[in-house]
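What follows is a single structure, written as structure tokens, with notes after it.
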Protein chains: 2
Amino acid sequence: MTSKISPTKYSISDLSKEFDITTRSIRFYEDQGLVSPARKGQTRIYNQRDKVRLKLILRGKRLGFSLAETGRLFELYDVDKTSAKQLNSIMELIHNKKRDLTQQLEDINAVLIELNDLEDNCQETLRTLETK
Amino acid sequence: MTSKISPTKYSISDLSKEFDITTRSIRFYEDQGLVSPARKGQTRIYNQRDKVRLKLILRGKRLGFSLAETGRLFELYDVDKTSAKQLNSIMELIHNKKRDLTQQLEDINAVLIELNDLEDNCQETLRTLETK
DNA sequence: TAGGAAGTTTACGTTAACGTAAAGGTTGCT
DNA sequence: AGCAACCTTTACGTTAACGTAAACTTCCTA
């Protein structure tokens, strides 16, 4: 049996509400080539794929990716018929991204440790203040 | 015996070379109140503390912190004699930062998994290209 | 049929984090 | 003395990622 799935059709304001971003941002992402919704007349109509892309864009932003970088990552997924040359440059790109992210993991862990220390200090100070 | 430590005195170009940033950036960070080097006449003289701060600024940037956010974190360390009220707002700030960073950890792990998948695909495609 | 809600394009404005250039002071050779 | 290598301040320019406003269309409904 074929699986019927969710509505798969969204207006721009549907998505702006769901992701808590402005319609301006969504149109801007389109301008930058990160999404390309269908049109019904003038009106944009977004499908599941567009929605997923928005989610990925936002995740990218949380990680400090520029929109251009996120766009590059999107391209990676659309690669089916590529030359070996391109494949190698793609793998280099992937390698660099992995390197950056691994560095970020270290950074985050370090900062989390520091924040926990700070938190402990604060709580202790609070306790001594209350005892008095 | 007292431990003699490293030079602890740096010129602006020393640090710009060491951290691979421009002197313009370093002066800008000063402008934003993130470092405050001593002066000998007009000339800036940086010490160990300044150097550490630069390192932290750069780590913050890797994590997508704005200079203002990093500045807030610096302030947290200078807190000794603070009121309970301030302590609570500080702890809230810490809490939010921890929340963000934890989210980032999840994001990074997700992206790393995807990148590994992509890498595998690329390598497999490369192998099939070579076999032919 | 008048108006409101949601959509559109076009275009100028804004903020952060510097880049870049101009104009000049200080030190150290040679 | 001259100039090269640093340092300084001042100030305008630049890019990314939108914000904001104007002017317009389309659809719904009271």
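Computed over heavy atoms, backbone and side chain alike; hydrogens, waters and symmetry mates excluded. Here is the naming used below: chain letters follow the sequence lines, and residue numbers restart at 1 for every chain.
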With a 4.0 Å cut-off on N to O distance, would you call [X] and [Y] a salt bridge?
{"X": "B:E69", "Y": "B:K61", "answer": "no"}
{"X": "B:R53", "Y": "B:E30", "answer": "no"}
{"X": "A:R62", "Y": "B:D107", "answer": "yes"}

Within the side chain of A:T43, is there an N or O that forms a donor-acceptor pair under 3.5 Å with the backbone of A:R39? no
Report, one pair per line, the protein and nucleotides 9-13 of chain C atoms (nitrogen or oxygen only) whose separation is under 3.5 Å.
unit_1	atom_1	unit_2	atom_2	d
C:dT9	OP1	A:R39	NH1	3.2
C:dT9	OP1	A:R39	NH2	3.3
C:dT9	OP2	A:R44	NH1	2.9
C:dT9	OP2	A:R44	NH2	2.8

With sugar-phosphate meaning primed atoms plus P, OP1 and OP2, does [X] contact a base, only sugar-phosphate, or nothing at under 4.0 Å between heavy atoms?
{"X": "A:T23", "result": "nothing"}
{"X": "B:K40", "result": "nothing"}
{"X": "B:S11", "result": "sugar-phosphate"}

I want to check one thing: is the phosphate of [N], taken as OP1 and OP2, less than 4.0 Å away from some side-chain N or O of [X]?
{"X": "A:S13", "N": "C:dG7", "result": "yes"}
{"X": "A:S25", "N": "D:dG19", "result": "yes"}
{"X": "A:Y29", "N": "D:dA17", "result": "no"}
{"X": "A:T22", "N": "D:dG19", "result": "yes"}

Could you tell me how far apart [X] ([atom1]) and [N] ([atom2]) are, to the nearest whole angstrom?
{"X": "A:Q32", "N": "D:dT15", "atom1": "CD", "atom2": "C1'", "value": "11 Å"}
{"X": "B:I26", "N": "D:dC7", "atom1": "CD1", "atom2": "C1'", "value": "13 Å"}
{"X": "B:K17", "N": "D:dC7", "atom1": "NZ", "atom2": "C1'", "value": "12 Å"}
{"X": "A:I45", "N": "C:dG7", "atom1": "CD1", "atom2": "C1'", "value": "11 Å"}
{"X": "B:E30", "N": "D:dT9", "atom1": "CD", "atom2": "C1'", "value": "12 Å"}
{"X": "A:I21", "N": "D:dG19", "atom1": "CD1", "atom2": "P", "value": "9 Å"}
{"X": "B:F19", "N": "C:dC18", "atom1": "CZ", "atom2": "C1'", "value": "18 Å"}
{"X": "B:D31", "N": "D:dT8", "atom1": "CG", "atom2": "C1'", "value": "13 Å"}

Within 45° of the ring axis of B:F65 and under 6.0 Å from its six-membered ring centre, is that where the NZ or CZ of B:K97 lies? yes
Mind checking side-chain contact (heavy atoms from CB on, under 4.5 Å) for B:K98 and listing every partner two or more places apart, or none if nothing turns up?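 Partners of B:K98 under the side-chain contact (heavy atoms from CB on, under 4.5 Å) test: A:L112, A:L115, A:N116, A:E119, B:I94.
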Counting side-chain heavy atoms from C-beta on, which of C:dG19, C:dA17, C:dA6 comes nearest to B:S66?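 Nearest listed nucleotide: C:dA17.
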Nearest to side-chain heavy atoms of B:F28, which nucleotide of C:dG7, D:dA17, C:dC18: C:dC18
Quick check on the hydrophobic clustering: are A:L63 and A:L76 connected, directly or via other members, by side-chain heavy-atom contacts under 4.5 Å?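 The answer is yes; both residues are in one hydrophobic cluster.
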